[in-house]
Structure formats: C-alpha cells, structure tokens
Amino acid sequence: MGLREDMEINMLQPVIGISGTKMKEVFDEWIEEYGFENIHFICSLAYNLGEIHGKRFDRIRRKKSA
C-alpha cells in the first residue's frame with residue numbers, strides 16, 4: 001500500500017486519545033516531557049506505538065486461528 005492509501009484508511013479509524021483513556025494520559029505525558037513544539041516527534045512516537053500494538057494484536061489473532 002502507498003502512503004495515500006494508508007492515510008485514507010487512517011482517516012476511517014476511531015480516535016483513541018479521548019479524555020479519560022490511557023492513550024490520552026500518554027499523549028499528555030509526552031507533550032509535557034517534549035513540549036508542544038516537538039509535536040512531529042510525538043506523532044512519530046504515537047505512530048510507532050500503534051505499529052507495535054498492531055503487530056502484537058495480529059500475532060495474537062494468528063495464534064488463535066492456528
């Protein structure tokens with residue numbers, strides 16, 4: 001898939017950084033630690049965290065179906 005297709009898929013995904021969730025706490029801590037001027041770095045951290053979680057859930061799903 002290309003970047004454009006990934007972005008279109010991403011726009012359909014639910015937002016999980018909503019107030020009261022653990023992800024919101026993570027974002028708040030990152031912004032507090034790195035500052036809002038480093039938002040690109042924070043977004044990169046969030047993307048990498050999402051990739052890690054996605055791979056982890058995919059492995060679990062594959063083990064269950066095997």
Side-chain angles (χ1 to χ4, degrees):
M1 275 193 212
L3 182 59
R4 184 176 305 275
E5 293 155 342
D6 290 345
M7 290 302 293
E8 288 174 10
I9 292 169
N10 194 29
M11 295 300 285
L12 300 173
Q13 299 296 320
V15 177
I16 60 169
I18 298 174
S19 179
T21 64
K22 290 183 181 184
M23 282 307 297
K24 199 251 187 226
E25 294 173 17
V26 169
F27 279 110
D28 285 344
E29 288 179 25
W30 282 342
I31 290 171
E32 198 173 297
E33 184 173 340
Y34 299 113
F36 192 73
E37 62 275 358
N38 292 317
I39 195 68
H40 297 289
F41 176 68
I42 293 169
C43 289
S44 177
L45 290 173
Y47 177 81
N48 289 334
L49 181 63
E51 284 286 314
I52 291 168
H53 283 278
K55 289 176 183 176
R56 183 176 298 139
F57 289 127
D58 192 41
R59 287 183 190 129
I60 292 169
R61 182 184 54 82
R62 279 190 265 144
K63 282 184 181 179
K64 285 182 181 179
S65 65

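Side chains are part of it too, since the values below use all heavy atoms of this structure and drop only hydrogens, waters and symmetry mates. All residue numbers refer to positions in the sequence shown, counting from 1.
Atom-to-atom distance recorded for Tyr34:OH and Glu29:CD is 10.5 Å, nearest 0.5 angstrom.
No salt bridge links Lys55 with Asp58; every basic N to acidic carboxylate O contact stays at or beyond 4.0 Å.
Within 6.0 Å of CD in Glu37 there are more than 12 heavy atoms belonging to other residues, nucleotides or ligands.
Residues Tyr47 and Phe41 do not share a hydrophobic cluster, clusters being chains of Ile/Leu/Val/Met/Phe/Trp/Tyr side chains in contact below 4.5 Å.
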